[in-house]
Amino acid sequence: MSRKWVLFLPLSLVLLLAGLFGYALLSGVDPSEMPSALEGETMPAFRLSTVQDSRDMLSADDLLGEPFLLNIWATWCPSCKWEHPYLNSLAQEGVRIIGVNYKDERELAQAWLNDYANPYEIDLFDPNGDLGFELGVTGAPETFFIDAQGVIRYRFQGPIDSALWHDELKAVYDSLH
């Protein structure tokens, strides 16, 4: 039996991959957009301390009553450092932001907030990434838009800047009120 078909295997794989990439480009699929499976669901239950005090334990119920952004951040995340000044601006404009320090060290997080200012009304400390896992976090930064009853309404992956906020995300936040 001839084994000439083996010679066409690499060409077949290249054509298959080209077809998949072509489909993705022509269908308008945005690979950076990943909707959360939790949109429309209540925020997961948790019990975490704050970055500032390991004895100050909070739960999801402690955050309810007003809409807020739940921002996942870490000191090891360069995009978080880039995003941080804009989060300070949003907080000064009255946007309620709850921080979740994700898979980090408490002392480094405290130093970060002292050095770069603190945009967070509350800073939760999630050293093992337990809350992040429940939220389906794939990396930092990620921001969840949560209504006053604790229902996740939107998820954004990546750093937030002024253009993105005004062009897209502000409308989402405003719709929570």
Side-chain angles (χ1 to χ4, degrees), residues 30-39 41-64 66-147 150-170 172-173 176:
D30 182 358
S32 67
E33 189 173 303
M34 181 187 299
S36 172
L38 295 178
E39 285 182 13
E41 300 290 325
T42 302
M43 193 169 67
F46 65 85
R47 185 150 175 82
L48 293 172
S49 70
T50 64
V51 168
Q52 290 80 11
D53 186 347
S54 63
R55 297 164 297 177
D56 188 10
M57 302 298 288
L58 298 172
S59 70
D61 290 341
D62 295 315
L63 308 178
L64 304 182
E66 294 178 47
F68 60 93
L69 305 181
L70 187 73
N71 180 253
I72 310 296
W73 69 280
T75 61
W76 47 260
C77 163
S79 297
C80 298
K81 187 173 184 179
W82 184 84
E83 174 189 59
H84 199 81
Y86 192 67
L87 294 180
N88 283 320
S89 297
L90 288 177
Q92 289 174 352
E93 293 173 15
V95 174
R96 184 177 184 224
I97 308 172
I98 307 298
V100 177
N101 180 250
Y102 178 68
K103 294 184 176 181
D104 212 336
E105 294 178 32
R106 186 183 304 273
E107 295 77 22
L108 294 175
Q110 291 170 339
W112 169 293
L113 295 173
N114 286 334
D115 292 346
Y116 302 118
N118 187 349
Y120 306 116
E121 180 179 306
I122 297 170
D123 309 304
L124 298 170
F125 184 58
D126 188 17
N128 299 320
D130 296 336
L131 178 57
F133 179 78
E134 293 294 325
L135 289 166
V137 169
T138 59
E142 283 191 29
T143 303
F144 294 83
F145 292 67
I146 300 177
D147 71 17
V151 177
I152 298 170
R153 297 298 178 187
Y154 190 74
R155 170 191 186 184
F156 180 77
Q157 294 176 295
I160 296 173
D161 65 11
S162 177
L164 182 66
W165 178 258
H166 290 288
D167 292 346
E168 182 180 339
L169 299 178
K170 185 177 185 314
V172 176
Y173 183 73
L176 301 177

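All values below were derived from every heavy atom in this structure, side-chain atoms included, with hydrogens, water molecules and symmetry-related copies excluded.
- Tyr154 places a side-chain heavy atom less than 4.5 Å from the side chain of Leu169.
- Legend: residues meeting side-chain contact (heavy atoms from CB on, under 4.5 Å) with Glu121, ordered by chain and number and at least two apart, are Arg96, Ile98.
- Under the 4.0 Å criterion applied to side-chain N and carboxylate O atoms, Glu142 and Arg155 are assigned as salt-bridge partners.
- A perpendicular orientation is assigned to the rings of His166 and Tyr86, their planes being inclined by more than 60° (bins at 30° and 60°).
- Considering only residues two or more places apart in sequence or on other chains, Trp82 meets the side-chain contact (heavy atoms from CB on, under 4.5 Å) condition with Pro159, Asp161.
- In this structure, the side chains of Phe68 and Leu63 come closer than 4.5 Å at one or more pairs of heavy atoms.
- At a cut-off of 3.5 Å, with distance as the only test, a side-chain donor of Thr75 or Asp104 sits close to an acceptor on the other residue.
- For residues 66-94, there are no salt bridge (charged side-chain N to carboxylate O under 4.0 Å, His left out) pairs, not counting sequence neighbours.
- Taking the ring pair (Phe, Tyr, Trp, His ring centres under 6.0 Å) definition, one finds that Tyr173 meets it with Trp165, His177, sequence neighbours left out.
- Looking at Thr143 and Asn71, their side chains do bring a donor and an acceptor atom within 3.5 Å of each other.
- Residues Leu176 and Arg153 have side chains in contact (heavy-atom distance under 4.5 Å, counting atoms from C-beta outward).
- For Tyr116, the ring pair (Phe, Tyr, Trp, His ring centres under 6.0 Å) partners at least two apart in sequence or on another chain are Trp112.
- Annotation: side chain of Gln52 is in contact with side chain of Asn118 (closest heavy-atom distance under 4.5 Å).
- In terms of the ring pair (Phe, Tyr, Trp, His ring centres under 6.0 Å) criterion, Phe125 has no residue partners (sequence neighbours excluded).
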